[in-house]
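Note sheet for the following structure.
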Amino acid sequence: MKSHSLNQLLDERKLWRGQQLRRSAAASDRLSTGFSALDNALHTGGWPRSGSTELLGEYGIGELWFLLPALREHLADRPMAWLNPPYLPHAPALAAQGLAVNKQLLVRPKTLADQLWAAEELLRSGAYSAVLSWFNEPNLNDRQLRRLHIAALEGQCWHLHFRPASLAQQISPAPLRLNLCAAQQALQINIIKQQGGHAGQQLQLARPAALYLQQSAAVTWPTYNSVSAAKAQTQPQALRKINLLANTAIFAKAAQQDSTVRVSKTGSNEPPH
Amino acid sequence: MLWLCLRLPALPLDALGAKSSAGMLALRHNNIIVMANDAAQQTGIAAGMSVSSAMSLCSALELRPRDLQAEQQYLENIALWAYRFSGDICLCPPNAVLLELSASLRLFKNLARLYRKFISAFRRRGLSVQLGIAHTPLAAELLSHQNISPAKLVNAAGQLHQDELHNALQALPIDLLPLAPKTLNTLREMGMHTLGNIQDLPRAELERRFGKGITTTLAKLQGEQADIRPKFAPPDTFNSQRHFDGGLHSKQQLRFPISALLSELEHYLRLRQCLNRDLQWEFHYLDGSKEAWSLDLSQRHFDRRNLIELVMLRLEPLSLQGAVETLSLRCEQFIGNEQHCEQLFDTANSSKQQEKAAQVLDKLRLRLGSQRCHQFALQDAHLPELNWVLRDAHTAPQTPSYNKLQAQAATPNATNLLRPNWLCHPPEAISETAEGLFWQGELHLLQGPERFDGQWWLQRQTRDYYIARHQHGALCWVFKDCLNRRWYLHGFFG
């Protein structure tokens, strides 16, 4: 009896199932994030191709790194734009990671009104595949956010809106909101809101290990004892290096943490002077 | 060959834009009345009168000097307009334009349609026009004086009725012929009043008596001898203006004349098959001062509606210093129309994208200023703050070979170098405290140093770069300047 009335409701189309929505969204409008853990956590199976996506967090925790696979894909189609970024995007580094230099536009308007105007123009134009935006005044009101989202939908543009983490509790019309923070050698992602089902997933994406490589102190470096003459020379050099590094007070700690296996690795990693 | 002659009998008045004025008006040249408008003609003023006799007839007569330069300009404008109907246009000063139509008949399907276009265009502008059509330019020119309806002489398919044409030519008075006045006088005294009379005479006798001029004229008239005239070509720069009696006071009022000027430009560009790169506007105020402002464009396609919006956007920060009497538009830089070769798949799509990008960029540059829109370019340099430059954003067509080169240059570094995605420019100073480095929180060095030593030829820079972890978890790129022994923050691994 119960299932009968439920079917009736479904037939009348007063209810719809989240799973159906999920499937339709997944079929038409998704772009793999490049990380299977993140793909699995998102009900749509990937990033949306258009509309606003909010990323809340600090800089320098890998917030660009985890977007790169998707941006690379976007750039193959249309150029992208940086709107009022807090620091300069480092073009050579981005180029080395596959973002073509000549397909990036950097716009830095002065006032908030100009920034909003430029964002809307860029999003609506349909000429850009992705717009990464920061605003002087991060606490935009609902109307402004909604306008940006709709402009992005109209222009078939992926609007990546970077905002501080303090705004996580605020309501926003963006269909996908992620809270980003740094974890131990990883990027911690909390999905605050997403389409097609419940939110609240938490996951960690491990950042490239090369970045977190901890170097051993110079004391543990291999030395060549066989040649006595060389020893006489290297000894004062090594001592000087230790002195230089000692006042930064890090390598002593690093030495405690590091195992002997690391030593051989870092030895090869050290750039020659 | 089918030649049509458009003759504007009232050109001197039209050129001054004075025909519509209600009062009595006459044009003078060297104290002789050249032309009078309808109201003045009713009081008995006719061309050829002296100024004093005209003034004695009617004291309220307004006299203006004839402006030959304006007339020439006006005639050229008519020719430019006619250029859209035929590629073969000749100016016949003082007041006629010749068009060769047989080549354009196929485009316009039939002659009747073409006529209707001409007539309605002239009627809309309030100009009186006389038409003449014939198989030679000279005959068309002469027939246009008589204003014989072309429908009588030619059928819709463009074939001339030879008999009718012959009769019409025969009946032309000899005064119209381009011959020396002395010859015309003698002919008249001989009792020759129409062209038919002369054509009946033997050519050889005529030539012996009046010289070679008369026979060549007759031969050109008949089409026996080629009549070669200089072709009209559209001018190299676009120049147009609008006058407003009494002046315009607000920017919104300017919108309409701007749109009219732009549509004029659009026609001009279509004729020349090119695109403009600039719009140079000039306001002439009522008090005689001028204000010039210009607009650079990077579009690939002329879109008038978009351009109007751009122009109005450009106008926004300007303030009018008075009533605008004349608005003029000049374009000097042109590029050829890009004939994009369309490929089977998505090239058409991408060219449309580029066009959109160019439009947005134009808008952004206009409102924000070009110093706020940038594009990156890589440079071959060692120091991280020197191996890129910011260029003013532009949409120059990308050369694929260059892209490939960049891509190749970029890939080998990808794996073995650690470079931050964010760059602090200029580097921010890090304070050194007893506990260690401090920049909005504590910094812990993870790995390094990587030494950069360069620019010894200018100002030597020696830096040891380290990767450091910020108290809040961010990874920073910091360096110690070995020369002044200070620490700086140079980027984030975003």
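Every value quoted in this text rests on a predicted model; they were computed, and no experiment measured them. Here is how names work: the chains are called A, B, and so on, in the same order as the sequence lines, proteins then strands, and each is numbered from 1. These values consider heavy atoms only, across backbone and side chains, with no hydrogens, waters or symmetry-generated copies.
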Part of [X] within contact of chain B (heavy atom distance under 4.5 Å):
X: A:Arg78; result: side chain
X: A:Phe66; result: neither
X: A:Gln104; result: both
X: A:Arg207; result: side chain

Handout entry: Distance in Å, A:Tyr59 OH paired with B:Cys476 SG, rounded so as to fall on 0.5 Å steps
Key =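 Separation between the atoms: 12.5 Å.
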
Problem - Pairs meeting criterion side-chain hydrogen bond (donor to acceptor under 3.5 Å, both in side chains) with involvement of residues 63-74 of chain A, two or more places apart - result: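 Sorted result for residues 63-74 of chain A: A:Glu63-B:Trp422.
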
Problem - Whether B:Gln447 side chain and A:Ala210 backbone form a donor-acceptor pair below 3.5 Å - result: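 Yes.
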
Practice task
Report yes or no: does B:Arg372 contribute a side-chain atom to a donor-acceptor pair with the main-chain N or O of A:Val107 at less than 3.5 Å?
Solution key: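 The answer is no, because no donor-acceptor pair under 3.5 Å joins these two groups.
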
Exercise for the section: Name the region of B:His470, side chain, backbone, both or neither, that has any atom closer than 4.5 Å to a heavy atom of chain A. Expected result: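 It is neither, since no heavy atom gets under 4.5 Å.
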
Exercise for the section: Run the numbers on B:Leu361 and A:Leu105 for side-chain contact (heavy atoms from CB on, under 4.5 Å), then give the verdict. Expected result: CA-CA 9 Å; B:Leu361 220 69; A:Leu105 177 74; 3.7 Å; yes

Exercise for the section: Heavy-atom pairs under 4.5 Å with chain A are the metric here; pick the option from B:Leu364, B:Leu368, B:Asn421, B:Ile467 that has the most. Expected result: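 When all of B:Leu364, B:Leu368, B:Asn421, B:Ile467 are compared, B:Asn421 has the most.
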
Problem - Test side chain to side chain donor-acceptor pair (under 3.5 Å) applied to B:Asp303 - qualifying residues, sequence neighbours left out - result: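 B:Asn306.
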
